[in-house]
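Reviewing the structure listed below.
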Amino acid sequence: MTSQSAPRTLYDRLWDAHTVVRGEAGKDLIYIDRHLLHEVSTPQSFELLRDNALTVRRPVTQLAVPDHAVPTSERGGAIKGELARKQVALLEANCAEFGIEYLALEGERQGIVHVISPEQGFTMPGISLVCGDSHTATHGAFGALAFGIGASECGTVMATQTLWQARNRNLRVHYAGQLQPHVTTKDMILALIGTIGAGGGIGHAIEFTGEAVRAASMEARMTLCNMGIEAGSRVALVAPDETTFAWLKGRPRAPQGAMWDQAVAWWRTLRSDDDAVFDRTVEIDAAAIAPQVTFGTSPDQVMAVDGTVPAGPARALDYMGLEAGKPIAGIGIDYAFIGSCTNSRIEDLRAAAGVIRGRHVAEGVTAMVVPGSTVTKHQAEAEGLDKLFEAAGFAWHHAGCSLCVAMNGDFVPEGKRSISTSNRNFEGRQGAGARTHLASPAMVAAAAIAGHIVDVRKEFA
Amino acid sequence: MPGFTPFTAPAFVLAEDDVDTDIIFPARFLLHTERKGLGRFAFHDRPALLEAYEAAGKPPVLLAGANFGCGSSREHAVWSLDGMGLTAVFAPSFGEIFRGNCANNGMVAGMMEPATLAALQALAKTGNDLAIDLAAQTVTCAGQEFAFTVPDSDREMLLAGWNNTTRILALHGQDITAFEKAQRSAAPWLWTEETEA
């Protein structure tokens with residue numbers, strides 16, 4: 001932890017604070033403060049430990065939870081799918097063997113890694129945090145150096161608490177002005193990806209700045225950072241501020257008492273210097289962003305909901321069954337999914353509920369809400385949101401990744417069209433042959449009611 | 001992991017941008033917990049592509065499009081490419097986690113300038129073999145040399161066949177301990193659950 005007088009970005013500051021050894025062949029050995037584990041990316045990581053007779057260096061810095069493979073309905077009793085049951089059981093057994101805390105499927109704290117970690121205060125400003133999941137970028141919303149890694153790296157982190165990593169360049173994404181009503185950070189990040197491309201942020205750590213970012217809640221900031229990876233960046237950051245500290249205070253694993261004060265004093269220093277130099281800056285006019293919806297099979301194939309489908313790669317348009325030149329609004333949908341690590345937090349559920357009050361899902365549309373965590377589920381139920389959703393014809397599920405990655409039994413059938421709050425519209429992502437349009441929770445709820453893609457702003461006109 | 005040695009072989013061309021890890025390894029097969037045998041799921045939902053790859057004699061080199069391996073961090077994508085017989089992939093750019101996963105599994109992920117790659121693809125399509133030299137970072141094909149890059153530290157690891165994990169502990173165990181001691185004193189809130197050793 002060096003004190004340098006040269007102006008630095010937030011990313012540089014976090015990087016320097018975690019550098020154990022500098023510069024071996026272009027990489028630094030980075031200390032990892034926290035590691036999240038789930039059932040899909042770690043079976044082979046534990047094998048690496050066993051094969052090399054290694055132990056976990058600091059088990060208390062690790063936290064495990066099943067989320068990808070777990071069923072979101074019929075939670076009682078054993079998991080029906082044999083492979084999923086074995087995979088979840090293997091995570092539990094590995095954690096027991098290596099002394100890692102495991103949050104059981106039946107417990108209150110279970111949920112999607114990127115939802116439960118902030119909820120528990122396991123995610124904090126200033127730390128380095130990794131997980132065998134690309135959407136680990138989510139935690140950068142707290143001003144943490146957080147990035148997704150592969151299974152081999154999960155094993156390396158467990159054994160050494162470090163990783164060799166190449167330092168990224170700095171990309172500042174500045175959102176000037178305020179968002180229009182019914183436009184969200186989901187629209188902000190989709191608009192950015194549409195602007196710079198799915199590979200536009202490769203090699204860069206993004207810092208989000210500007211009025212629209214500062215005005216955003218923690219939930220909204222997590223949505224923004226979550227999809228940094230869809231812009232090609234492994235790291236996405238928002239400098240911590242009073243919004244961050246207020247959200248975190250009193251969380252189960254957040255520092256308490258004098259430790260809290262000491263932590264906050266350091267967290268307040270976590271920002272880019274005014275004269276820090278970014279390698280690149282992208283300016284986006286937040287006030288000009290319309291609700292976004294994807295039309296293709298890459299997140300950068302995205303458009304304003306009031307526009308016409310642009311000419312895109314033939315393969316993508318063919319897969320999606322769309323024609324260039326036709327309005328995107330009015331395209332009929334079969335499925336509506338509210339959930340995923342992008343948009344399954346309490347504010348997302350409230351936003352969707354705000355659209356459906358007193359209305360009903362269109363005939364032929366399968367609509368479902370999958371809260372990001374059991375804590376969130378219970379909070380939503382305490383607010384009566386489950387009743388609202390069910391009255392409107394949405395299925396109310398248990399917490400998990402569900403229809404975002406379609407490996408837990410929830411999937412969209414081949415050729416069917418889904419509008420989804422998740423982060424990827426890749427071919428086959430919501431099921432083999434499924435067609436996915438990404439959008440915000442309010443947009444998904446509005447489409448579910450209308451039975452087709454619709455501009456949510458018109459619902460409130 | 002054995003170190004990488006130069007070899008000569010034909011290549012398969014997949015000139016499509018943004019081939020993501022869901023295309024390489026569909027999510028529904030992620031329920032498998034082993035690492036061997038995952039080659040059977042590679043490009044599972046792209047039967048036409050697999051057919052063409054088989055017809056080409058399953059070459060060990062892939063010439064891909066930009067942003068290859070973007071998307072999920074799943075290392076299964078690399079394990080499945082390895083399982084289908086691939087040893088090296090060249091593209092104008094890669095998903096970053098994917099590229100790191102390649103290095104950790106002895107797979108060469110070489111970055112090539114788009115124009116260089118296009119020229120190489122044209123030669124490979126007409127049946128020319130590629131001679132791959134990782135130390136020199138060159139591919140030689142039909143008497144011409146094509147440059148590619150692999151980050152220095154990855155190249156070193158690939159050539160030496162290191163075990164990254166045991167190597168860190170052997171070379172930097174004391175550095176890590178020193179870092180931890182300093183952090184424990186500077187940021188004690190990160191250590192509240194641990195008793196002093």
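Reminder, nothing fancy here: chain letters follow the sequence lines and each chain counts from 1.
Note: F29(B) and H76(B) fail the aromatic proximity criterion, with ring centroids not under 6.0 Å apart.
For the pair E16(B)/P313(A), no side-chain contact is recorded, criterion being any heavy-atom separation below 4.5 Å from C-beta on. L62(B) places a side-chain heavy atom less than 4.5 Å from the side chain of F68(B). The side-chain heavy atoms of C401(A) and M407(A), taken from C-beta on, include no pair separated by under 4.5 Å. Looking at L163(A) and S128(A), their side chains never come closer than 4.5 Å, going by heavy atoms from C-beta outward. With contacts defined as side-chain heavy-atom distances shorter than 4.5 Å, the pair W266(A)/T269(A) qualifies. Using a 4.5 Å cut-off on side-chain heavy atoms (C-beta onward), N425(A) and P299(A) make contact. Looking at F98(B) and M107(B), their side chains never come closer than 4.5 Å, going by heavy atoms from C-beta outward. For the pair L81(B)/F43(B), a side-chain contact is recorded, criterion being any heavy-atom separation below 4.5 Å from C-beta on.
Only the side chain of T192(B) comes within contact range of chain A, judged by heavy atoms closer than 4.5 Å. For S298(A), the part lying under 4.5 angstrom from a heavy atom of chain B is the side chain only. The parts of I176(B) that come within reach of chain A are both its backbone and its side chain, each placing non-hydrogen atoms under 4.5 angstrom from that chain. Contacts between M158(A) and chain B at a heavy-atom distance below 4.5 Å are absent for every atom of the residue. Heavy atoms of P188(B) lying under 4.5 Å from chain A belong to its backbone as well as its side chain. With a 4.5 angstrom heavy-atom cutoff, N105(B) touches chain A only via side-chain atoms. Proximity to chain A (any heavy atom under 4.5 Å) is shown, for S72(B), by both the backbone and the side chain. Proximity to chain B (any heavy atom under 4.5 Å) is shown, for L49(A), by neither the backbone nor the side chain. Looking at R424(A), only its side chain comes within 4.5 Å of chain B, counting heavy atoms on both sides. Looking at D175(B), both its backbone and its side chain come within 4.5 Å of chain A, counting heavy atoms on both sides. Residue contact with chain B, scored on non-hydrogen atoms closer than 4.5 Å, is absent for D261(A). Q262(A) touches chain B through backbone and side chain together, each having a heavy atom under 4.5 Å away. In this structure, no portion of R99(B) lies under 4.5 Å from any heavy atom of chain A. I149(A) touches chain B through its backbone: at least one of N, CA, C or O sits under 4.5 Å from a heavy atom, while the side chain does not. For V20(A), the parts lying under 4.5 angstrom from a heavy atom of chain B are both the backbone and the side chain.
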From CA spacing to verdict: side-chain hydrogen bond (donor to acceptor under 3.5 Å, both in side chains), D33(A), H18(A): CA-CA 9 Å; D33(A) 296 321; H18(A) 290 93; 2.6 Å; yes
Evaluation steps, side-chain hydrogen bond (donor to acceptor under 3.5 Å, both in side chains), between D129(B) and T8(B): CA-CA 6 Å; D129(B) 278 2; T8(B) 301; over 6 Å; no
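The existence of a salt bridge linking R50(A) and E47(A) is confirmed by a sub-4.0 Å separation between a basic side-chain nitrogen and an acidic carboxylate oxygen.
By number of non-hydrogen pairs under 4.5 angstrom with chain A, the leading residue of R74(B), E34(B), E156(B) is E34(B). Among I168(B), D45(B), N101(B), the residue with the largest count of heavy-atom pairs under 4.5 Å with chain A is I168(B). No other option in E180(B), R28(B), H32(B) has as many heavy-atom pairs under 4.5 Å with chain A as E180(B). With chain B as the partner, the residue from L48(A), I202(A), L90(A), V40(A) showing the most heavy-atom pairs under 4.5 Å is I202(A). Among D22(B), D154(B), D152(B), D17(B), the residue making the largest number of heavy-atom pairs under 4.5 Å with chain A is D22(B). Among the candidates A77(B), G100(B), G71(B), the residue making the largest number of heavy-atom pairs closer than 4.5 Å to chain A is G71(B). Heavy-atom pairs under 4.5 Å with chain B were tallied for G26(A), S41(A), A198(A), A69(A); the largest tally goes to A198(A). Of the listed residues H44(B), R35(B), R155(B), the one with more heavy-atom pairs under 4.5 angstrom with chain A than any other is R35(B). Highest contact tally toward chain B, considering only Q165(A), H135(A), Q87(A), is held by Q87(A) [criterion: heavy-atom pairs under 4.5 Å].
Inspection of non-hydrogen atoms places no residue of residues 115-128 of chain B under 4.5 Å from chain A.
Annotation for E193(B): atom CD counts as buried by contact number, over 12 foreign heavy atoms lying within 6.0 Å.
Considering only residues two or more places apart in sequence or on other chains, R167(A) meets the salt bridge (Lys or Arg N to Asp or Glu O under 4.0 Å) condition with D12(A), D16(A). Applying the salt bridge (Lys or Arg N to Asp or Glu O under 4.0 Å) criterion to E427(A), with sequence neighbours excluded, gives R315(A), R46(B).
In this structure, the separation between OG on S134(A) and CG on D20(B) is 10.5 Å, given to the nearest 0.5 Å.
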Identify all side-chain donor-acceptor contacts of residues 83-97 of chain B below 3.5 Å with residues at least two apart in sequence or on another chain.
from	atom 1	to	atom 2	distance (Å)
S93(B)	OG	N67(B)	N	2.9
E96(B)	OE2	G203(A)	N	2.3

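Formation of a donor-acceptor pair under 3.5 Å by the S45(A) side chain with backbone atoms of A151(A) is found in this model.
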